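Values in this document were obtained by computation on a predicted structure and should not be read as measured data. Chain letters run A, B, ... following the sequence lines, proteins first, then strands; residues in each count from 1.
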Amino acid sequence: MKRFSGDISLVLGGAAGMGVQTVEALLVQVLKREGYNVFASKEYMSRIRGGSNSTEIRITDAKRAAFVKRIDFLFAMDKDVIPHLRDRIALDTIVLGELEKLRDVSEGCHIIDVPFTRFANELGNPIYTSTVAVGVALGLLHAEEKGLTEYLRDHFARKGEAVVAKNIEAGALGYAFGKHLAYAEGIEVIVAKRSAVAEELLLDGTEALGLGTLSAGCNYISSYPMSPGTGLLTFLAKHGNEFGVVVDQAEDEIAAINQGLGAWYAGARAIVTTSGGGFDLMTEGVSLAGIIETPIVVHIGQRPGPSTGLPTRTEQADLNLVLYAGHGEFPRAIFAPSTPEEAFLVAQQAFYIADKYQIPTFILTDQYFLDSVRSIPEDSLRTITRENFIIETAADYKRYAVTADGVSPRGIPGYGEGLVGIDSDEHDEEAHITESALMRVAMHEKRLRKMVGIRADALMPTERGDVKHAETLLVSWGSNRGVMEEALEVLNTPELAGLHFHQVYPLPVKAKKLFVKKKVIVLENNAGGQFANLLLLEYGIKVSDTVLQYDGNPFAVEDVVARLRALL
Amino acid sequence: MLDKKIYDMPKGTDMAWCPGCGNFPILNIVKMALAELDIRPQDAVLCSGIGQAAKTPHYLRVNYFNGLHGRALPPAIAIKIASPHLTVIAESGDGDTYGEGGNHFMHTIRRNPDITNIVHDNMIYGLTKGQASPTSEKGMKTPVQTAGVILEPFNPLAVALALDASFVARAFASDILESKDIVKAAMQHKGYAIVDIFQPCVVFNKQNTYQWFKEKCYYVDAEYDKTDKVQAFEKAFDMERLALGILYQDTSKPTYEDLVRTSQGPLAKQEVSREALEKLINSHR
Ligand SMILES: Cc1ncc(C[n+]2csc(CCOP(=O)(O)OP(=O)(O)O)c2C)c(N)n1
Ligand SMILES: [Mg+2]
């Protein structure tokens, strides 16, 4: 009897174009509808066909949001999957695939034959292999077949009755086979189902960010495709129509950010999305936003650099880039969500802060976060009420009126009797070029003064465990909240508590006291410990250790736990 | 018709242009065109980049976006999309538009937003003290091109025509009335309109002087068919005699803002449909 209980890691592997994504999407949907907690993350190569890609689906009693190395069930759709995932395949990993195809690479693997080719022949088309695989997985898990049938009916409805029927047949074939396997091989899987989960929303990072962007009243996006930032552009192109969102595919990233600024200048609410390389091209525009005091929201989906790096993989190495992007000195704010809830929230916050202080704000995500899917309760999505910061101008309007808090009331062209000018040169209150040293100082200080308010509005970090009494704080930012939380649970010691930042600049003054007399360990996906350095800069805190990883993959719970054990 | 004085800056405004610069008559031309078209300063936005020409918004009282070198067009497009009721003009130098901003020039033409692009073409980088610009003539000596420019000049009109610009014109700063009519027609044209306007630079370009332009230039006559693209190309490629006037116009092309907008009115007034958002969120179950 092989028993799997409470925490299953099911991995789907295959070449690009083999339908691994389809299996994942179907399986995750059906499992969620059945009431299982799911978390799926993927890794793939930068190619359209071939190679070897995989998706991990965790099916768990408690909500989980982290990658694990362990594989309980591996669906190997071709033989390249085995060498590709070799170091994660253990003796008790159950590999499901066609024995015929996997034979050469089967050494040290416990392979159970699933005759996908025969099934495909029976069904008359290899296209149904994905649905068969979904059926097999659900059969193995002892999920209810009804859920699968219903889902397939909904999902394929648009494609007509024949397609629906064929898929239901394929699903049933797989399901019966999976169930039989479980019986024959003595596999028992026990994971809790919850009716509340069945009602939840299923979102990946990109979708949560997109919904937050719409909720923020975004009505303009101009961007140039670059993975993994493209997803947001695609999301708004797909859903933006009904919201009146203008979608422009720019000729380059320079155009994108300059369009974004033009749009905000005229009263629209724009976002631009890109990745590190594209953002490099935008930096002059970021500096422009700084001096013209025009809001702009920039989403940067990080991937490993330098340069083209690993286009489809993950890293958190662009914090410094975003922190220092653009020449000269000017205020900014940087957000880094880890969960769909945080993404929905910080997208709105990024618009709000950009608008309120007339500054560039940044949403820093990464491939791992954007591509990961999980379910969340709908009421965990918090809507920020939109404030209107645009004024109707009077005839004597001055765009850069010097004010106590540094924020000059923002007018837009064509609304009121005044004229609205903005200037990339140093300027006077009316936005005309000046070289007066006095005026330069007045304007520079006015702009920099806004930092006081921006810092006061900074989002507090999330505490995990007994932060007050723990000796050591494990600090994470961006996509690593899930792995931080799970590592804490595994280690289960009062000695260690966690702190997760979803705003990484500026840091809230009030959170500084949480660090008093603590040993600090920072967990981040880069080689330089960029957030650790930022803690020193912002709080004067010297961290005692960093747990870093920069191989293009997200942290695995097992690795983090082992490395923390060595440190504690 | 408005009084063109409404676009004047207060008396005593310090101007950074050199005495005798071709930018002065161009400024006057643009003011006259705006006045004759009854465009209130509040309803116009002037976008510019960086350079001597790009300082125009500081001498002309309308709304303005004086942005980055080479980047006058992207904000102009966005402003027109966001607020279609505004008259949007992008005005910069030859270096700004055809050099640093070359990619935007190409792709703005392809989009065809309803904006007017006035390019002060002095065939030199003025503000940075006299290096070659994309339109500098072959052989012209500069502090950088010490042995003379070795490249053939960029041909903005031919490029615009090749990209199917819907309005292509050339003017000469000295000819105030003719140029005013050309700029006016450009502003009235619904779509992207380029006016490449010869602008003598009296300090750094000793080769293409007022006299030089006067001798080389002529106006296309009344019989000229501005819907004939082949003929327009011929004019654009003639480097011996430089044709002035509206060389090409196509009034049938849709504008970018009409194609890309899915809602009406200024984006500034748009509210989020909470109902639609709720529906979209719920579709993710
Ligand atoms: C990114 C960037 N590169 C270079 C410059 C320096 N620069 C300012 S204006 C200019 C050229 C101006 O030439 P043109 O556009 O023809 O304008 P003109 O001064 O002749 O009117 C250059 C190179 C700059 N401001 N920004
Ligand atoms: Mg020039």
Side-chain angles (χ1 to χ4, degrees), chain A residues 32-33 199-203 207 211 214-217 219-220 222 239-248 250-252 254-263 265-270 284-285 288 292 378 381 386 390 412-425 431-433, chain B residues 9 13 16 41-45 47 49-50 55 57-58 61-83 85-86 103-104 106-108 110-111 256-257 260-264 266-274 276-277 279-282 284-285:
Chain A
K32 199 271 320 183
R33 286 183 179 200
E199 294 305 308
E200 287 182 350
L201 303 172
L202 193 62
L203 295 169
E207 290 166 337
L211 292 170
L214 288 173
S215 183
N219 50 28
Y220 202 107
S222 176
H239 301 294
N241 266 359
E242 321 181 44
F243 296 88
V245 181
V246 172
V247 178
D248 173 88
E251 57 271 28
D252 54 36
I254 301 172
I257 192 164
N258 281 281
Q259 269 203 44
L261 288 167
Y265 162 78
R269 297 169 72 76
E284 195 190 14
L288 175 65
I292 64 178
E378 184 182 357
L381 294 183
R386 197 175 131 190
I390 294 173
I412 58 172
Y415 180 48
E417 282 309 302
L419 294 178
V420 182
I422 54 134
D423 187 8
S424 69
D425 295 89
H432 288 301
I433 300 179
Chain B
M9 292 296 290
T13 297
Q42 288 87 344
D43 298 326
V45 182
C47 295
I50 296 297
K55 287 178 181 163
H58 298 284
R61 276 192 69 254
V62 294
N63 298 293
Y64 61 93
F65 187 114
N66 183 178
L68 295 174
H69 184 46
R71 320 298 169 201
L73 288 170
I77 295 170
I79 293 163
K80 187 66 194 181
I81 293 171
S83 299
H85 59 289
L86 298 175
N103 203 23
H104 312 310
M106 286 199 321
H107 294 281
T108 303
R110 291 182 55 228
R111 289 187 181 93
Y256 189 59
E257 57 275 18
V260 87
R261 285 288 303 263
T262 57
S263 60
Q264 302 292 316
L267 287 180
K269 291 202 173 144
Q270 198 163 292
E271 290 291 334
V272 187
S273 163
R274 290 284 150 196
L277 186 61
K279 224 178 104 200
L280 182 57
I281 289 174
N282 279 312
H284 286 272
R285 277 186 206 280

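Contact annotation for A:E284: both backbone and side-chain heavy atoms come within less than 4.5 Å of a heavy atom of chain B. At a 4.5 Å heavy-atom cutoff, the contact between A:I412 and chain B is made by side-chain atoms alone. For A:F243, the parts sitting under 4.5 Å from any heavy atom of chain B are the backbone and the side chain alike. For A:A256, no part lies under 4.5 angstrom from a heavy atom of chain B. For a residue to count as touching a neighbouring chain, one of its non-hydrogen atoms must lie under 4.5 Å from one of that chain's; by this rule B:M9 touches chain A with the side chain only. Of the atoms belonging to B:K55, it is side-chain heavy atoms, and not backbone ones, that fall under 4.5 Å from chain A. Contacts of A:L381 with chain B are made by side-chain atoms alone, with heavy-atom separations under 4.5 Å and no backbone atom involved. When heavy atoms are compared at a cutoff of 4.5 Å, A:L202 approaches chain B by way of both its backbone and its side chain. In this structure, the portions of B:P41 lying under 4.5 Å from any heavy atom of chain A include both its backbone and its side chain. Only the side chain of A:E378 comes within contact range of chain B, with heavy atoms under 4.5 Å apart. For A:E417, the parts lying near chain B are the backbone and the side chain together; criterion is any non-hydrogen pair under 4.5 Å.
Here the closest non-hydrogen pair linking B:S83 and A:A266 is OG-O, 3.5 Å. Minimum heavy-atom separation, B:I281 to A:L201: O-CD2, 3.3 Å. Residues A:Y265 and B:F65 share a closest heavy-atom pair of CG-CD1, 3.7 Å. Contact detail for A:G217 and B:V272: the closest heavy-atom pair is CA-CG2, 3.2 Å. The nearest pair of heavy atoms linking B:L68 to A:N258 is CD1-OD1, 3.8 Å. Annotation for B:R285 and A:R33: closest pair O-NH2, 4.1 Å, computed over non-hydrogen atoms.
The residue among A:A268, A:G414, A:A263, A:P413 with the most heavy atom pairs within less than 4.5 Å of chain B is A:P413. Most heavy-atom pairs under 4.5 Å with chain A: of the set B:H107, B:R111, B:R110, B:H69, this distinction falls to B:R111. Options B:A44, B:C47, B:A82, B:G67 differ in how many heavy-atom pairs under 4.5 Å they form with chain A, and the most are formed by B:G67. Interface check for chain A: of the options B:R61, B:R261, B:Q42, the most heavy-atom pairs under 4.5 Å are formed by B:Q42. Among the candidates A:D425, A:D252, A:D248, the residue making the largest number of heavy-atom pairs closer than 4.5 Å to chain B is A:D248. In terms of heavy-atom pairs under 4.5 angstrom with chain A, the leader among B:L267, B:V45, B:V260 is B:L267. For chain A, the option among B:T13, B:I50, B:D43, B:V62 with the highest count of heavy-atom pairs below 4.5 Å is B:V62.
Put simply, CD on B:Q270 and OH on A:Y220 are 12.5 Å apart, with the number rounded to the nearest 0.5 Å. Going from atom CD of A:E251 over to atom OG1 of B:T108 covers 5.5 Å, rounded to the nearest 0.5 Å. Here the CG atom belonging to A:D423 is positioned 5.5 Å from the OH atom belonging to B:Y64, to the nearest 0.5 angstrom. In this structure, CD1 on A:I292 lies 10.0 Å from CG on B:N66, to the nearest 0.5 angstrom. One finds the CG atom of A:N241 at 5.0 Å from the OG1 atom of B:T262 (value rounded to the nearest 0.5 Å).
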Report all side-chain donor-acceptor pairs from residues 71-81 of chain B shorter than 3.5 Å, counting only partners two or more places apart or in another chain.
unit_1, atom_1, unit_2, atom_2, d
B:R71, NH1, B:E100, O, 3.1
B:R71, NH1, B:H104, NE2, 2.9
B:R71, NH2, B:E100, OE2, 3.2
B:K80, NZ, B:P84, O, 2.9
B:K80, NZ, B:L86, O, 2.7

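Evaluation of the side-chain contact (heavy atoms from CB on, under 4.5 Å) rule for A:E199 yields no partner, not counting sequence neighbours.
The aromatic rings of B:H58 and A:H432 sit perpendicular to each other, their planes meeting at more than 60°, with 30° as the lower class boundary.
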